[in-house]
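All remarks here apply to the structure that follows.
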Amino acid sequence: MKKSSLNRALVVLTVVVVILSIWGPEALAVYKERSILNQVQSGEEETGGEGYRYQLSSNEKLYILSQCLNSRTLPETELSAQTKAEETSYQELTGTYAFVVNRKGPSGCEITDEEIYETTNKGLSALKELGILPDSIREVQAGDYEATLYSAIDVPEPRNNVAVWKVSLIDSLQNTNKENRLIDAYIDADDGKIYEFYVRTQMDWEDVDADALMEAWSSYMELGMPEVYETDNPLLETTPYYRKYVFSGMGDERTIVTVGLYDGIDELFLKISK
């Protein structure tokens, strides 16, 4: 009698185990799906490529942009430059640094086409308050300028990239008065700070305190104090009126920034490209 009861118990247990092995996984999956249904799930995802940017320091961004500007191959005309830039795809980039038109347009975190001119004027006002630019420099108007969004990319490490707007006075305007006007500028697409500028002024080189100007700009850009770059090469610039400075870059690398004045046209410039 006891042996018969034990046998029946073993049979029942075997049947239960078989049923669970067949039905159990499916039931568990359905339960799990129901537990997350209609609930927002969040998580971190690392994406690669041109559109993603690590959080770079101001010095690192300045260095990447300077290297990209220095590595540009200038075509014969501005039209061909625009055409070549638009035809370049990210997968075709070669070399160490590349400076290409951002055909995707601003992301949700970047300054838009509609905002760039107001942002430029805010940047000019900030530079005037710091004594970097004279108060006579006029505000930009959308009809007189064109703006293009670029990506400055560290090609071997493409997630290290800087988005910048280039704002330029339109050359095709007839009888354009360039006096006291911004000619060109590179502007950070995230925070609107001005990396590089060329402005027409009524200043002579004797009126420019290059050391004070550079100290104010480095503070504005949060770069730390620069060192004067001493060189005996007279061919570095097309004007004799300039002074060069060095900032720390990425790793042991450095960035050279130049303050100068083109005599004759009285164009004051601060540039990070050599």
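- Looking only at side-chain heavy atoms (C-beta outward), L169 and K178 come within less than 4.5 Å of each other.
- Cation-pi contact between K271 and Y198: absent, since separation from the ring centre below 6.0 Å together with deviation from the ring axis within 45° is not met.
- Salt-bridge check for E237 with K244: passed, with a basic side-chain N closer than 4.0 Å to an acidic carboxylate O.
- Atom CD1 of I272 sits about 8.0 Å away from atom CG of N70, to the nearest 0.5 Å.
- Taking OH of Y229 as the reference point, atom CG of L236 lies at 6.5 Å (rounded to 0.5 Å).
- Within the 4.5 Å cutoff, the side chain of F269 has no heavy atoms near those of the L261 side chain.
- Atoms CD and OG, on E60 and S248 in that order, are 9.0 Å from each other to the nearest 0.5 Å.
- Side-chain contact between F247 and S218 is present, with heavy atoms from C-beta onward closer than 4.5 Å.
- Annotation: side chain of Y195 is in contact with side chain of V162 (closest heavy-atom distance under 4.5 Å).
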Pairs of donor and acceptor atoms involving the side chains of residues 129-139, under 3.5 Å and at least two apart or interchain, shall be tabulated with distances.
{"from": "S136", "atom 1": "OG", "to": "N180", "atom 2": "OD1", "distance (Å)": "3.1"}
{"from": "R138", "atom 1": "NH2", "to": "N177", "atom 2": "O", "distance (Å)": "3.1"}
{"from": "R138", "atom 1": "NH2", "to": "E179", "atom 2": "O", "distance (Å)": "3.2"}

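- A salt bridge is absent between D154 and R159: the closest approach of a Lys/Arg side-chain nitrogen to an acidic carboxylate oxygen does not fall below 4.0 angstrom.
- The aromatic rings of F99 and Y150 lie parallel to each other, with less than 30° between the two planes, well short of the 60° mark.
- Residue E146 places its CD atom among more than 12 non-hydrogen atoms of other residues, nucleotides or ligands, all under 6.0 Å distant.
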### Task
Show your reasoning for whether side-chain hydrogen bond (donor to acceptor under 3.5 Å, both in side chains) applies to Y245 and D211.
CA-CA 9 Å; Y245 301 84; D211 291 341; 2.5 Å; yes
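- N59 CG to I64 CD1: the interatomic distance, rounded to the nearest 0.5 Å, is 11.5 Å.
- Checking D113, T112, I194 one by one against W165, the side chain to side chain contact (heavy atoms under 4.5 Å, CB included) holds for a single residue, D113.
- M250 CE to S57 OG: the interatomic distance, rounded to the nearest 0.5 Å, is 7.5 Å.
- When the options T255, N160, D188 are evaluated for a side-chain hydrogen bond (donor to acceptor under 3.5 Å, both in side chains) with K61, the one that passes is D188.
- Here CG of D191 is found 7.5 Å from OG of S58. Values are rounded to the nearest 0.5 Å.
- Residues meeting the side chain to side chain contact (heavy atoms under 4.5 Å, CB included) test with E227, sequence neighbours left out: none.
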